[in-house]
Amino acid sequence: MPDIIQLLPDNVANQIAAGEVVQRPASVVKELLENAVDAKATDIKLIVVNAGRSLIQVIDNGVGMSQTDARMSFERHATSKIRTADDLFNLFSNGFRGEALASIAAISHVTLKTKQENQELGTQIQINGGEIISQEMISKSTGTSIEVKNLFYNIPARRNFLKSNTVETRHIIDAFQRVALTYPRISFSLIHNDNEIFRLPAGKLKLEKGNLKQRIVNVFGKKINEKLVPIHEETEILRIEGFIAKPNYAKKKRGEQFFFVNERFIKSPYLHHAILNGFENLIPHGYHPSYFLYLTVPPKSIDINIHPTKTEVKFDNEKDLYAIIRSTIKHSLGQYNVAPVLDFEKNPSLDTPYEYKNKDVDSPLVHVDPDFNPFENEDRTKIFHQKKDFKPSWESLYANIDNNEKDDTSLNLFDNDLENKSNTTFQIHQKYILSTIKSGIVLIDQNAAHQRILYEEFLKKITVIGIGSQQLLFPKEFSVNKNDVQIIIDLKPDLESAGFQFDISKNEIISVKAIPASLKEDQIIDLFEMLIDNIKNEVPNSNFSQFDSIAKSLAKSTAIKKGTKLSIKEQEEIVNNLFLCKEPNFSPFGKKSFITITTKELEDKFNF
Ligand code: ADP
Ligand code: MG
């Protein structure tokens with residue numbers, strides 16, 4: 001047999017590498033902006049045309065490159081930023097792999113113009129699909145400009161996978177904002193299709209924190225100013241700086257969650273959870289707090305090398321970081337009187353059954369306490385929050401739902417001493433369930449409440465127990481949008497643990513063979529559509545959010561709808577199960593699941 005193994009030609013190897021580095025136009029934006037920062041630029045301009053499909057250009061006033069370096073920069077594994085493997089553990093630059101320019105050039109038309117300060121003339125290089133077309137001397141100001149045109153022109157599969165211009169532009173803006181928020185001392189601008197979308201002047205204040213605040217305001221608008229609470233903590237293993245938004249400004253959509261470690265934007269579902277936990281239940285379920293947190297840790301204690309696009313890092317001491325972050329958030333919320341000053345009219349999350357147990361109906365619910373500090377007085381926070389012990393991972397949140405962890409307070413909500421059980425609930429217009437409580441009456445939205453019950457059940461089953469599945473007699477087939485099929489492919493393992501079995505054919509036909517036991521056949525298509533929608537609005541690559549989306553979608557499709565008549569027994573089951581939930585106040589989509597009217601309020605109405 002002849003030998004058959006050969007080394008791949010460089011341009012092929014680069015194209016393959018490009019698949020990892022460049023997923024979409026926003027990846028190019030990120031790499032080019034980071035290169036400009038690494039080149040010590042103080043002014044960086046990003047120009048984008050047609051959501052990056054036609055042009056992505058970054059112009060900087062950094063150190064520039066020599067003629068030889070300009071050529072070298074497009075070689076794979078060519079970098080000026082590290083020399084030995086040891087340098088990897090002491091990184092002070094964004095880049096280090098030396099792959100970005102080689103990868104980008106392999107799949108687009110690139111023009112590089114660059115000049116160093118001490119040079120008379122600069123260099124211009126044109127590269128198409130990794131091949132050098134021309135190199136010449138040009139006159140140019142100090143710095144570098146890189147134009148990337150016709151991205152993915154030679155990889156149609158990639159090009160076809162791109163989402164709509166709106167979506168791709170959104171990703172570009174995200175990438176831009178992340179870099180801009182990392183470096184408040186650098187001025188940035190973004191021009192898209194000739195419109196200036198951002199002009200962010202360089203911060204000139206002595207205090208970096210002031211610059212940061214100004215940058216956040218310039219990026220997100222003046223209104224955010226009043227929402228920000230400063231964060232500061234310094235321990236032996238880390239320093240935290242930055243801002244969080246007050247809980248009553250939490251949003252339904254995610255988007256303003258920024259977490260930086262040693263000047264790198266990263267995603268960490270684990271530490272995100274620590275932040276949420278710091279907010280405890282000050283935020284209704286389904287809402288997301290905004291935060292801008294900057295961590296500094298010893299470079300040796302993190303490994304940023306585990307992911308090619310580098311938004312994930314590995315920490316040596318994740319558990320300690322979790323605890324510190326959580327308590328720092330709590331502390332700041334307490335210090336700035338945010339926790340107790342919430343507007344109760346507007347914030348129903350605090351309208352929990354606990355108040356009925358612990359407080360007189362008549363007394364105002366909360367007084368402003370300037371000395372409030374959640375650390376000193378844990379008990380006090382318990383009045384407002386559901387019991388939630390420090391549990392370091394999201395799995396454990398749902399792991400012990402049934403350990404008879406019956407919340408005595410929620411049981412006490414109801415008149416246990418009522419003899420005649422059949423009279424305790426009443427259905428109104430096939431929409432609401434009325435029941436009496438000690439202090440008055442409670443009206444439950446049957447759909448929202450049932451969604452909440454099912455959601456918590458599904459989440460527990462998917463993550464801990466596993467959902468039983470039923471085989472279909474005939475596979476159910478339907479087609480999904482070309483752009484969305486990837487979402488389903490990504491979700492497949494998670495959907496399988498939720499009881500689905502299905503195949504995906506080449507022409508985007510999904511053929512479902514088995515479904516979770518609780519689902520009906522005619523709900524399948526709705527469910528997939530909802531799922532795709534939910535996933536699009538969540539942060540990618542977080543397992544938790546995927547399970548969460550599946551559980552939410554399942555709950556929504558299978559919950560009892562409005563207009564369904566319920567037997568007394570069914571009504572009671574909803575009432576009882578709702579108040580055994582961890583977060584009974586809201587449906588998984590943030591809709592109120594019940595309201596209460598106190599006897600006092602009723603009396604007032606009659607006595608008017
Ligand atoms: P990396 O950033 O990982 O080193 P890149 O492929 O992004 O790899 O860049 C290769 C090299 O090209 C960099 O190490 C740097 O020396 C040089 N370079 C890239 N962009 C610029 C720029 N805007 N200004 C100056 N030098 C640059
Ligand atoms: Mg780079």
Side-chain angles (χ1 to χ4, degrees), residues 247-248 280-285 287 337-370 372 377 379-387 406-450 452-453 562 566 568 571-587 590-608:
N248 43 339
E280 294 255 25
N281 278 1
L282 291 172
I283 288 180
H285 190 87
Y287 283 71
N337 295 326
V338 174
V341 195
L342 277 177
D343 179 348
F344 280 79
E345 301 278 293
K346 282 196 202 129
N347 197 317
S349 70
L350 302 176
D351 192 15
T352 65
Y354 296 81
E355 280 139 23
Y356 298 103
K357 191 188 169 205
N358 294 304
K359 298 210 155 210
D360 284 345
V361 178
D362 287 358
S363 67
L365 290 177
V366 164
H367 301 283
V368 176
D369 173 1
F372 175 73
N377 201 345
D379 274 0
R380 164 125 190 214
T381 46
K382 286 224 171 83
I383 299 172
F384 307 114
H385 309 316
Q386 306 228 24
K387 163 167 80 195
K406 292 206 173 139
D407 222 311
D408 45 28
T409 44
S410 47
L411 290 180
N412 265 351
L413 178 65
F414 296 94
D415 280 328
N416 293 332
D417 51 8
L418 265 188
E419 295 281 77
N420 189 352
K421 271 269 167 193
S422 64
N423 268 352
T424 55
T425 63
F426 191 85
Q427 197 185 17
I428 300 170
H429 291 313
Q430 307 186 346
K431 271 188 201 160
Y432 305 106
I433 302 166
L434 175 81
S435 185
T436 50
I437 52 175
K438 277 185 184 169
S439 59
I441 56 173
V442 58
L443 267 170
I444 296 172
D445 178 323
Q446 64 185 46
N447 177 251
H450 199 214
R452 160 57 54 188
I453 296 164
K562 287 195 171 139
L566 302 174
I568 295 288
Q571 295 171 31
E572 280 174 353
E573 243 175 58
I574 291 195
V575 176
N576 291 333
N577 289 333
L578 176 65
F579 292 102
L580 287 176
C581 283
K582 295 203 144 234
E583 316 249 358
N585 300 295
F586 296 94
S587 85
K591 202 166 166 265
K592 250 189 218 179
S593 52
F594 68 90
I595 55 165
T596 54
I597 303 172
T598 61
T599 317
K600 173 82 170 49
E601 283 164 345
L602 288 172
E603 278 166 9
D604 286 349
K605 280 205 186 297
F606 285 108
N607 290 337
F608 180 65

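Remark: the backbone N or O of T425 is not paired with any side-chain donor or acceptor of S435 at under 3.5 angstrom. With Q571 contributing its side chain and I433 its backbone, the two residues share no donor-acceptor pair below 3.5 Å.
Distance CD1/I441 to CG/L602: 5.0 Å, rounded to 0.5 Å. Of the inter-residue distances, the one linking Q430 atom CD with L566 atom CG reads 8.0 Å to the nearest 0.5 angstrom. Taking CD1 of I437 as the reference point, atom OG1 of T596 lies at 5.5 Å (rounded to 0.5 Å). With rounding to the nearest 0.5 angstrom, the OH atom of Y432 is 12.5 Å from the CG atom of L434.
Qualifying salt bridge (Lys or Arg N to Asp or Glu O under 4.0 Å) partners for E573, counting only residues two or more places apart in sequence or in other chains: K569. For the side chain to side chain donor-acceptor pair (under 3.5 Å) test, residues two or more places apart in sequence or in another chain that qualify with D445 are K591. The side chain to side chain donor-acceptor pair (under 3.5 Å) check on D604 picks up K600, with sequence neighbours excluded.
Contact annotation: the side chain of I444 never approaches that of S593 to less than 4.5 Å [non-hydrogen atoms, C-beta and beyond]. Taking the side chain as every heavy atom from C-beta outward, V442 and I595 never approach each other to under 4.5 Å. Two residues are said to be in side-chain contact when any heavy atoms from C-beta on lie closer than 4.5 Å; N585 and K592 fail this criterion.
Here the closest non-hydrogen pair linking A448 and S587 is O-CB, 3.7 Å. For the pair L578 and I453, the tightest heavy-atom approach, listed with the atom from each and the gap, is N-CD1, 3.6 Å.
Between F586 and Y287, a ring centre-to-centre spacing not shorter than 6.0 Å is recorded.
Q446 and Q427 share a side-chain donor-acceptor pair at under 3.5 Å.
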